Amino acid sequence: MTAELVRGQNHPLSQSRLEIRISAGTPVVAAAALGDENGRIHGVEWVAHPGAPTQPGLEVSRQAAADHRLAVDLDAMTDAVHRVSVLLALPAPGGGPGPARFGAVAAPFVAVTGLDGDEIASYTITGLETESAVIALELYRRQGAWKVRAVGQGYAGGLADLLTDQGLPEAVPLADTINEAVARGLARSVQAPPPRPADGDRSRQPAAPALGSDQGGTAPQGAPGPVPPSYGGPGQTGPQPAYGGAGAADPSATTGGPIDYSHPGRRNSAPPPPPPTAPPAQPGQPAQPVAGDATGWSMEERLYNQVWGMFEDLARTTAAYRSAVDFAESRMDKELEQTLSDPRSRIGGQGDAAREAARARYTHLVDQAREALDRDLVQLVAEADVVEPALPPAFARWDNPAWHAYRVPMEIPMALRLGDLRLPEADRIRIPMLLRLPLERGLWIDSGRADSADGSFTDSHDMRRLAMETAVAHAARLLAVYPAGEFTVHVIDPAGSGAQPLAPLTRTDVLAAPPAQGAAGVAEVLGRLTQRVDLVQMALRGGAPDALPPGFDTSQQLLIVNDFPHGFDDRAVNQLRYLADEGPAVGVHLMMVADREESAGYGPLLDPLWRSLLRLTPVPDDHLADPWVGHAWTYEPPLVPPGSQVLHQVLTQVAAARRAWGR
């Protein structure tokens, strides 16, 4: 059972590898400080923060977010470390809009969990007012055993005062360093949603990519939804070099400066043409939605920005509804507490009347909030009804008629649909989850979860099959949206267990080679792709990207790994980690189909691998979160309708185009 702690209470820890999950309802900075037996921090190297997110046994988020997951390995702590303090702070003024004190936001919630997600202890930090930084909780060593204690000590002077109180001589410079790192992260993160025009015009400005909370750092960048940021920008729709990913080519991505999201060929040209407008609405009626009514240079870009705007609108209106319900509950609790505090009102009709009046006011407030939510949802449903049929194949579901008119494209699209997102208050609406291209982060199709958000139960065999089918659907979509010869797929299936789900890829001959099997096949594919990464990196560092060997395949590469870690030795595991870390910047991408628990024998060695990948599920699951509101979004995978031949038809065209291209 979870121990729900109050301030000052402690609880024993039976595990050494932990996650600390933070939910604040508003972007906060998360850090962790190591202390000696007296709680003293000996130097800046004893603090993990967004500017230096990893320390021995610690990894924290690299930016401010509403939700965080901090990784802790107590066994990796040195003997000098007796305390790990989890620190929260509101972004400093100038680091972005937001509240200046914790008393103006919902009470932050902190939970200590095992790697399986089971909560060990939790703490809601109440009683904060003018404080802008707080020591949330601490893990401490006592007589050789570790415990967790709820602290909740706040500081009105922010991080500088907090770190000074912990005995750190460099407290002020370190606080400035953290604030600068957060400001740089916010410059690359999601911007605040623009206010809706009063005249009901639904046209929107181009959106910066969304940035999700860490999966051990973040969860959901890309747009919309919790997917990694693409620094290429909404206008970057043309083909990109396979070895020159946006993260490598954009100097601002490493220097932390502001990012120009405009298309390189259009930066000095005229503004984009205006979006289509809806016919005038009847007096008192909302404007009729129009597909592509956001700004952009092309219909694809307008639809992309419109989908992003729908995501923002749904998040915002749901946040308003939840806030209103929370206020109504808080008000009712306060009124009931006041009623019960008076002994004279505990008996007789006066107390009953007061309680009924409090509940009636609560019901009235909730009904008002629901009415406003339903009004917004009606408009969003109407917009989704016109946008979904207008989406191009890269953005469309597999059952969209756009796929029946599919032709192999001449240009790379700006984004790819990875599934749908929804919220429990708006179950009728599905927002396309679009990931920017080229990929800047690997994908992990989790085959280990046996329960789903819709309440269904799937056994382990079904989960493995569904996970591989989901991976094949993603790979097929990637092959379909790239021009002929610009995307290559490799498969590692050591035991051949994925033969049936892989049939659409193998039968249509779109793979670079048959799936690699056995330890020898694993070693050969990993060695070849690792060598490719090394060659491209050397060419880029030498300033000669064209000096690659004759016949070098410059297409984007995708490696699908099934049944991990079967067939992998220590060398292969290290090569896989290398590809996950270094591959995306040079056009080598990873898609893992795996159950994390099956690789538990490697210990913390693989923790960075899982956190570097975007986790997706083969069944609906509410594991994704947006960064600026903190909603838990239910993700639904993009499965092909049962009995549909669309996957075979699309892949057949892809294979024919590859043959015509000369591959």
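Keep in mind that what you see is a predicted model, and the values were worked out from it rather than measured. Computed over heavy atoms, backbone and side chain alike; hydrogens, waters and symmetry mates excluded.
Evaluation of the side-chain hydrogen bond (donor to acceptor under 3.5 Å, both in side chains) test over residues 389-403, restricted to residues two or more places apart or in two chains, returns Arg397-Asp399. The stretch residues 464-485 participates, sequence neighbours left out, in these side-chain hydrogen bond (donor to acceptor under 3.5 Å, both in side chains) pairs: Arg464-Glu598, Arg465-Glu469. Residue pairs satisfying the side-chain hydrogen bond (donor to acceptor under 3.5 Å, both in side chains) criterion with at least one member in residues 507-521, sequence neighbours excluded, are absent.
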Check residues 494-503 and write down every donor-acceptor pair under 3.5 Å in which the side-chain atom is one partner and the other belongs to a residue at least two apart or another chain.
unit_1	atom_1	unit_2	atom_2	d
Ser497	OG	Asn562	ND2	3.3

Name the atoms and distances for all side-chain donor-acceptor pairs under 3.5 Å in residues 649-657, with sequence neighbours left out.
unit_1	atom_1	unit_2	atom_2	d
Thr652	OG1	His648	O	2.6
Gln653	NE2	Tyr406	O	3.2

For residues 578-591, which side-chain N or O atoms pair as donor and acceptor with protein atoms under 3.5 Å away, sequence neighbours left out?
unit_1	atom_1	unit_2	atom_2	d
Tyr578	OH	Asp534	OD1	2.5
Tyr578	OH	Gln537	OE1	3.2
Glu582	OE1	Gln537	NE2	3.0
His589	NE2	Gln556	OE1	2.4

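Side chain of Asp569 to main chain of Ala572: a donor-acceptor pair is present (N/O by atom type, distance under 3.5 Å, no hydrogens or angles). A donor-acceptor contact shorter than 3.5 Å is absent between the side chain of Ser447 and the backbone of Ala467. A side-chain donor-acceptor contact under 3.5 Å links Arg436 to the backbone of Met414. In this structure, Arg430 contributes its side chain and Asp427 its backbone to a donor-acceptor pair below 3.5 Å. Side chain of Arg577 to backbone of Leu606: no donor-acceptor contact under 3.5 angstrom is found. For Glu486 (side chain) and Ile412 (main-chain N/O), no donor-acceptor pair under 3.5 Å exists by modelled atom type. At distances below 3.5 Å, not a single donor-acceptor pair connects side-chain atoms of Arg302 with backbone N or O atoms of Gly292.
Ion pairing between Arg322 and Glu425 holds under the 4.0 Å rule for side-chain N and carboxylate O.
Taking both residues in full, the closest heavy atoms of Pro432 and Val307 are given as O-CG1, 3.7 Å, listed atom of the first, atom of the second, then distance. A pairwise comparison of heavy atoms in Leu511 and Arg658 identifies O-NH2, 4.2 Å as the closest pair. Closest approach of Leu624 and Leu421 over heavy atoms only: CD1-CD2, 3.9 Å. Taking both residues in full, the closest heavy atoms of Gly419 and Tyr635 are given as CA-CE1, 4.0 Å, listed atom of the first, atom of the second, then distance.
Taking the six-membered ring wherever Trp is involved, the centroid distance between the rings of Trp444 and Phe564 does not fall below 6.0 Å.
Remark: the Gln63 side chain and the Ser61 side chain contain no N/O donor-acceptor pair separated by less than 3.5 Å. A donor and an acceptor atom, one from each side chain of Asp622 and Thr634, are nowhere located under 3.5 Å apart.
In this structure, CZ in Arg428 is found 5.5 Å from CG in Leu377, a value given to the nearest 0.5 Å. Residue Leu647 holds its CG atom at 7.5 Å from CG of Leu505, rounded to the nearest 0.5 Å. Atoms CG and CG, from Asp621 and Leu616 in turn, are 10.5 Å apart once rounded to the nearest 0.5 Å. Taking NE2 of His631 as the reference point, atom CG of Asp67 lies at 10.5 Å (rounded to 0.5 Å). The CG atom of Leu559 sits 9.5 Å away from atom CD of Gln557, with the distance rounded to the nearest 0.5 Å. Here CD1 of Ile431 is found 6.0 Å from CD1 of Ile429. Values are rounded to the nearest 0.5 Å.
Note that Arg532 lies outside the cation-pi zone of Phe552, set by a 6.0 Å cut-off to the ring centre and a 45° limit from the axis.
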